[in-house]
**Q** 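Handing you this structure, nothing more for now.
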Amino acid sequence: MKNLKTFSLAIAMLISFLSFGQEKTITGVVSDAGGTLPGANVVVKGTTRGVATDIDGKYSIKASVGETLVYSFIGLEDQSKVVGANNVINVKLQSSKKVLDEVLVTGSMGISKRRKGQTNPQELTQSANPNGYVGKAFIDENARPLSAPSSLVGKVSGLQINNTNNGAKPTTRIVLRGNRSVTGNNEALIVIDDKIATMDEFQKLEPEFIDQVNVIKGAQGAALYGVNGANGVIVVKTKLEADEKNPLVPKKPIIKEVPKVAVNYEDYESFVENVFESPKSSPLSTFSIDVDNASYTNVRRFINNGQKVPKDAVRVEEMVNFFKYKYPQPIRDNPFSINTEYSDCPWNSNNKLVRIGLQGKTIESKNLPASNLVFLIDVSGSMSDENKLPLLKQSLKVLVNQLRKEDKVAIVVYAGAAGLVLPSTSGDQKNTIIDALEKLQSGGSTAGGAGIQLAYKTAEENFIKEGNNRVILATDGDFNVGASSDNDMQRMIEEKRKSGVFLTCLGYGMGNYKDSKLETLADKGNGNYAYIDNIQEANRFLGKEFKGSMFAIAKDVKIQIEFNPAHVQAYRLIGYENRKLRAEDFKNDAIDAGELGSGHTVTALYEIIPRNVKSELFEEPTDLKYTIVAEPIEKISNPELATIKFRYKKPDGDKSIEMASIISNKSVKLEESSADFKFSSSVAWLGLKLRDSKLVINKSQEDILALATEGVANDTDGYRAEFLRLVENVR
């Protein structure tokens, strides 16, 4: 027996030796804790060979036995696998436990990493990068005859420069291998001095004018620059203007700024931020919850594109609620838990901040009700851009992959007219559904009203009792035929909501993006609203957060809070300006409010001016004639800061259920508050800064970044690290 084992081991070693170096095709799936990962990078270590995973997280790459495959994705730890006898290698990436480093690529030192806080160039250390995300780009000082693109040849792994000349006009394309594109056009994005530039402008740069070049590949390009950067980004920094006393220093070339977004054609609802109110004259504050986060992804798009964020594009509550916070699961039969925290206000040092958090009950996938979904897709001419209909198709594939046999999907499209292109089809017929999506083409005007009518009719005809009945509208919001005004749409959706069909709005594109219309539809249709700026965002909202986005566990959720005047001189709700309700609306079951999905969190912040604090932001009324206080406030010793009440309905119910909780007048110092308190406060702080709030004393970008850094814990998906980069890049 011993001789047999020795012989078998020898044979195995011989087979391994003979197969070493033999090339073969390796396939597999890359995933993380939340599921499969589209856009993850798979690179053969030490080579320029690499691929990105498809929409299902699948990949296929040729490699030899003995070579090492490196798997990576933004916000996750890299993982390496040595190619052996198996032809299938599945990898599950783990969350990164550290904040991403800043990457510098300079003309004289190649790639360097700089930790936050390092400013001295001598502190920078060289770092190799085997994964090919960021290329090593040296500029040859003696290469004057070469163009800027030509000087990169051979310096960046996977970079190809294709020159063509048809006899009329020569053209140049830069392609970064290993990137994927929803359109099939893999040309890299060029950014010069924080401005998107054309290939012609890049070619005109002489190498001696270039100070730094940063070549970004893979998921990082999309994360930093949105869908425009999905095919890789070449970031160029040119040298500073010449010193008049030193004419030998070359002048910084003038780069014509290329508009990235026609902001004038984008439509946002104007609103005035909430002001401080006295609990004497306004004892109750009432509002509807908001689980939308479209504003954050839209703001991210502006910042990544190096643009100034339009004030009215910023809805602070949607920025705060983009992120998930660690609240405990509800107990017993309650659909959500209620959580509060009271600490210092970071932007006004004399004030306090109350954080209110709801945590929706997480329902296991096997226990979710059957879904009756209708995709309502805008295929009008305005949807032709690559970040609209092509991205929309890829996004809905992410959702289709979540469906079960008991679920069903129909597809309605609208352009000049509306039509049913796929009748209600079982969720296990994924190829049929995806084929119908792939055949869609854009063209014509935008009969949005007719499309909505047909979509709701289709949903009602296939209605599942006690199921999840929902219309999913995907569009840039540019309705221009039929019922198109916000008021017309609002009345239509309010009427349709009575059918028991919920509404999800997905916004795409830029330039003529109609944020106000999509927000109106979602608010009035028992629904939610997301802005999809790249495939990573689609994977988050429609993949990882599918249950929270698509399955309501409570509807018409309202919050009413009464502050104790013994401790509160004034209060104001941060954000939620278009979600405020009258005090009498709280108990009125006919008043619509927001829905809460499975596993969803909702966070709201109140800024408090304590009693006996003199503030320039609020003047307490002293001449009230009809307001009666039972006894002098100074004699009231009630330890309660506020009483908070919640009302909600079950998804198929008509009568509200009320819950209540007490907020104690016990404040902790900001440095002793939770990481989630610090981070949610920093996000709100940035939103108030972008809105140029007149009620914020400290608008220091550095202070916002410092507080956010302290709260970066629990960053399982890398979104908090991404927020730090956004803060650094705000213009």
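For the single chain, residues carry numbers from 1 onward in sequence order.
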**Q** Centres of the Tyr296 and Tyr531 rings: under 6.0 Å?
**A** no

**Q** Among all residues two or more places apart in sequence or in another chain, which pass the ring-ring contact (aromatic ring centres under 6.0 Å, His included) test with Tyr529?
**A** none

**Q** Could you tell me whether Arg579 and Asp292 make a salt bridge, using a distance below 4.0 angstrom between a side-chain N and a carboxylate O?
**A** yes

**Q** Would the distance check show the side chain of Glu577 and the main-chain N or O of Asn274 forming a donor-acceptor pair, the cut-off being under 3.5 Å?
**A** yes

**Q** Any luck finding a side-chain donor-acceptor pair between Asn41 and Tyr59 under 3.5 Å?
**A** no

**Q** Ignoring hydrogens and geometry, is there a side-chain-to-backbone donor-acceptor pair from His600 to Gly548 under 3.5 Å?
**A** yes

**Q** With sequence neighbours excluded, tell me which residues meet side chain to side chain contact (heavy atoms under 4.5 Å, CB included) with Asp407.
**A** Ala370, Ser371, Leu403, Arg404

**Q** Stepwise, does the ring pair (Phe, Tyr, Trp, His ring centres under 6.0 Å) test hold for Phe723 with Phe322?
**A** CA-CA 11 Å; Phe723 176 76; Phe322 175 87; 9.5 Å; no

**Q** Any carboxylate oxygen within less than 4.0 angstrom of a Lys/Arg side-chain nitrogen, looking at Arg300 and Glu318?
**A** no

**Q** Hey, is Lys366 close enough to Glu364 for a salt bridge, meaning N to O under 4.0 Å?
**A** no

**Q** Only one of Ile377, Val409, Leu399, Leu376 passes side-chain contact (heavy atoms from CB on, under 4.5 Å) with Ile472; say which it is.
**A** Leu399

**Q** Regarding Arg540 and Glu537, does a basic nitrogen lie under 4.0 Å from an acidic carboxylate oxygen?
**A** yes

**Q** If the threshold is 4.0 Å, N to carboxylate O, is there a salt bridge linking Asp476 and Lys388?
**A** yes

**Q** With sequence neighbours left out, what residues match Asp435 under side-chain hydrogen bond (donor to acceptor under 3.5 Å, both in side chains)?
**A** none

**Q** For Ser288 and Tyr576, test the side chains for any donor-to-acceptor distance below 3.5 angstrom and give the result as yes or no.
**A** no

